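Right, one structure below, let's go through it.
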2 protein chains.
Amino acid sequence: MSVVWLNGALVEDTEARIDPADRGFTLGDGLFETIRAVDGVPAYAARHLARLRTGAEILGLPVAWTDTQLLSALCGVLAANHFANAALRLTLTRGPAARGVLPVGDIYPTTLITAGALPALAGPAWVVVAHSVRRNEFSPLAHIKSLNYLDSIIARREAAARGADDALLLNTQGFLAEASAATIVLHIDGAWVTPPIADGALPGVMRGVILENRAVHEMRITMEALRRTHAAFLANSLGYQSLLAIDEVTLRGAEALTTLALQSLF
Amino acid sequence: MSVVWLNGALVEDTEARIDPADRGFTLGDGLFETIRAVDGVPAYAARHLARLRTGAEILGLPVAWTDTQLLSALCGVLAANHFANAALRLTLTRGPAARGVLPVGDIYPTTLITAGALPALAGPAWVVVAHSVRRNEFSPLAHIKSLNYLDSIIARREAAARGADDALLLNTQGFLAEASAATIVLHIDGAWVTPPIADGALPGVMRGVILENRAVHEMRITMEALRRTHAAFLANSLGYQSLLAIDEVTLRGAEALTTLALQSLF
């Protein structure tokens, strides 16, 4: 059992109830953030809350709480579960409503915060380029962290079926976008690069941190360029993972380069 | 208040509880069907259940019930709510799970059936081609009725903001796919046509019925062809709606042709 924060109250998860008419459940109509807590403090909380508000603006979704209230709630969930380090999740949906695609009438958004143990630091990974699905760079969803995660789930299931650890997604034009739930950073032709937002890369919080650090720059990545990758790693709010191979291509520069990059980036 | 069927039991909707960890809520990991009930009978139930199973197969999502059980449950919800005619909804999700994109461990799917009043028959509509979003024909989601409905919600919100009744979605290549929650059938150059599945049209149940009737055939529809539309209507499981205009183009043949078509199709 664990304690969650639901619409302003700390409750046991077994007592927390999502309405079957919640548009988060019926239509995936909402957003979320995954936040790493370190020593009782939600890391990069201001960036996560800013991204949540940007997404809410795009979806026309009211946020019923101030940043201070949400930060206090995040810390409250950590304390109630006696977590110092944890994976926090903040979910915001358009709340319960009658059927229909267009939201009509008053909105009573649902806000939920949960906490779980941090996943173990993952070892180097073998990733494959997904065949089954492309990321849609022609949708605002490519730019916000929405509840519509099925494309990533399909890609991850394909990777697992092929014996791989994760999948990389191309966009509809065939350019690299990201991994199923992480930014990808690659060492190509002597420089560290990551796909641009316009190609369907989610504006990840760790991606922002890495780019500001100026050791990595944005570059459109074709399949041909991907084949010249010397080293690469995935990064998201919960951590990073170096890559051993992409499809059948072993990354020969992996170990030394990635260690160097991670030292300078984190 | 109304009665819903949740995982095998009829319960008051106020008592029905979705677990906050349900992957339908956290990741949109599930499917649904909207089914019209007429005189106590769910229309085209076999087609709806077959489509649900196709979607479940694509997502690797177990269906815990036989078609007979689901049909009985659909009728049970109608009876418990004293509905003869209604809009039924059957939702299937991957159920509660720990965090993570890849589903791991045992799956306890959530199956929910709800009923609501049928929407009033809508008058002729003015629709606009969405600018804000394109439908991703490179995702299996284009072919299944998943819970990932945000692209349609974004398109409908755009249409409402522009004063229109609904939005048409182009695919990423710029060919017409469908309306936000309906198949579109158009009279172009003397023939009734509808976009092919390969262009991102959802294989709608009413779409299937209309095509089998052979009065309509599949055709790739460019923006240029769309501008030659003489008459058009939208169709989904809850009914049909003739179109008055697409963007700024009034459909001059609308009334007579659509009446004729609807007489032969339904």
Side-chain angles (χ1 to χ4, degrees), chain A residues 4 6 13-14 16-30 32 34 58-60 87 89 91 93-94 98-103 112 114 116 119 132-141 146-157 159-160 166 170-173 180-181, chain B residues 4 6 13-14 16-30 32 34 58-60 87 89 91 93-94 98-103 112 114 116 119 132-141 146-157 159-160 166 170-173 180-181:
Chain A
V4 307
L6 179 59
D13 60 352
T14 51
R17 170 186 181 269
I18 300 299
D19 191 316
D22 194 294
R23 287 174 62 100
F25 179 77
T26 58
L27 298 167
D29 191 3
F32 74 105
T34 300
I58 288 169
L59 298 182
R89 177 177 158 133
T91 306
T93 81
R94 211 181 302 264
R99 61 163 298 285
V101 173
L102 187 68
L112 173 73
T114 58
S132 54
V133 61
R134 298 280 186 97
R135 189 162 163 92
N136 183 8
E137 73 277 21
F138 294 101
S139 168
L141 299 190
S146 86
L147 299 178
N148 286 205
Y149 241 67
L150 271 173
D151 279 338
S152 289
I153 294 168
I154 288 167
R156 277 299 285 276
R157 291 188 74 247
D166 202 344
L170 306 182
N171 70 16
T172 69
Q173 299 163 81
S180 72
Chain B
V4 306
L6 179 58
D13 58 354
T14 50
R17 170 185 182 270
I18 300 300
D19 191 315
D22 194 293
R23 287 176 60 100
F25 179 77
T26 58
L27 299 168
D29 192 2
F32 74 105
T34 299
I58 288 169
L59 298 183
R89 176 175 159 133
T91 306
T93 82
R94 211 180 303 264
R99 63 161 298 286
V101 172
L102 187 69
L112 172 72
T114 58
S132 54
V133 60
R134 298 281 186 96
R135 191 164 163 88
N136 185 6
E137 74 277 22
F138 294 101
S139 168
L141 300 190
S146 86
L147 299 179
N148 286 204
Y149 241 67
L150 271 173
D151 279 339
S152 289
I153 294 169
I154 288 167
R156 276 299 285 278
R157 290 190 73 245
D166 203 344
L170 306 182
N171 69 17
T172 68
Q173 300 164 81
S180 71

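Excluded from the calculations below are hydrogen atoms, water molecules and symmetry mates; all remaining heavy atoms, backbone and side chain alike, are included. Chain identifiers are assigned alphabetically (A, B, ...) following the order of the sequence lines, protein sequences preceding nucleic acid strands; residue numbering begins at 1 within each chain. As the structure is a prediction and not an experimental result, all values here were calculated from the model.
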task: Using side-chain contact (heavy atoms from CB on, under 4.5 Å) as the criterion, list what pairs up with B:A155, not counting sequence neighbours.
output: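 side-chain contact (heavy atoms from CB on, under 4.5 Å) list for B:A155, sorted by chain: B:A130, B:V133, B:A167, B:L169.
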message: List the residues meeting side-chain contact (heavy atoms from CB on, under 4.5 Å) with B:I58, not counting sequence neighbours, and say none if there are none.
response: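 B:I58 satisfies side-chain contact (heavy atoms from CB on, under 4.5 Å) with B:T54, B:P140, B:I144 once adjacent residues are dropped.
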At a heavy-atom distance under 4.5 Å, which candidate from [options] has the highest pair count against chain B?
options	value
A:G116, A:S180, A:S132	A:S132
A:A98, A:G28, A:A159, A:A181	A:G28
A:I154, A:T93, A:L6	A:I154
A:T34, A:N171, A:T14, A:D166	A:T14
A:R156, A:R17, A:R134	A:R17
A:N148, A:T172, A:V4	A:N148

Structural part of [X] lying under 4.5 Å from a heavy atom of chain B:
X	answer
A:R23	side chain
A:I153	both
A:T91	side chain
A:A16	both

Against chain A, work out which of [options] has the most heavy-atom pairs shorter than 4.5 Å and name it.
options	value
B:A160, B:G100, B:P103	B:P103
B:D29, B:T114, B:T26	B:T26
B:R135, B:R89, B:E137, B:Q173	B:R89

query: Which atom names give the shortest non-hydrogen contact between A:R94 and A:G60, and what distance separates them?
result: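 Taking every non-hydrogen atom into account, NH1-O, 3.1 Å.
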query: Between A:S146 and B:L150, what is the shortest heavy-atom contact and its length?
result: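 For A:S146 and B:L150, the tightest heavy-atom pair comes out as CB-CD1, 3.5 Å.
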field: Steps toward side-chain contact (heavy atoms from CB on, under 4.5 Å) verdict (A:F32, A:L147)
entry: CA-CA 7 Å; A:F32 74 105; A:L147 299 178; 3.9 Å; yes
- prompt: With only heavy atoms counted, which part of B:D13 is less than 4.5 Å from chain A, the side chain, the backbone, both or neither?
  reply: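 Answer is backbone: N, CA, C or O of B:D13 sit under 4.5 Å from chain A.
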Which atoms of B:R99 approach chain A - backbone, side chain, both or neither, heavy atom under 4.5 Å: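 Looking at B:R99, just its side chain touches chain A.
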query: Can you check side-chain contact (heavy atoms from CB on, under 4.5 Å) on A:N136 and B:D151, steps first, answer last?
result: CA-CA 10 Å; A:N136 183 8; B:D151 279 339; 4.2 Å; yes
- request: Calculate, to the nearest 0.5 Å, the distance between atoms CZ and CG belonging to B:F25 and A:D22 respectively.
  value: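 Answer rounded to 0.5 Å: 5.0 Å.
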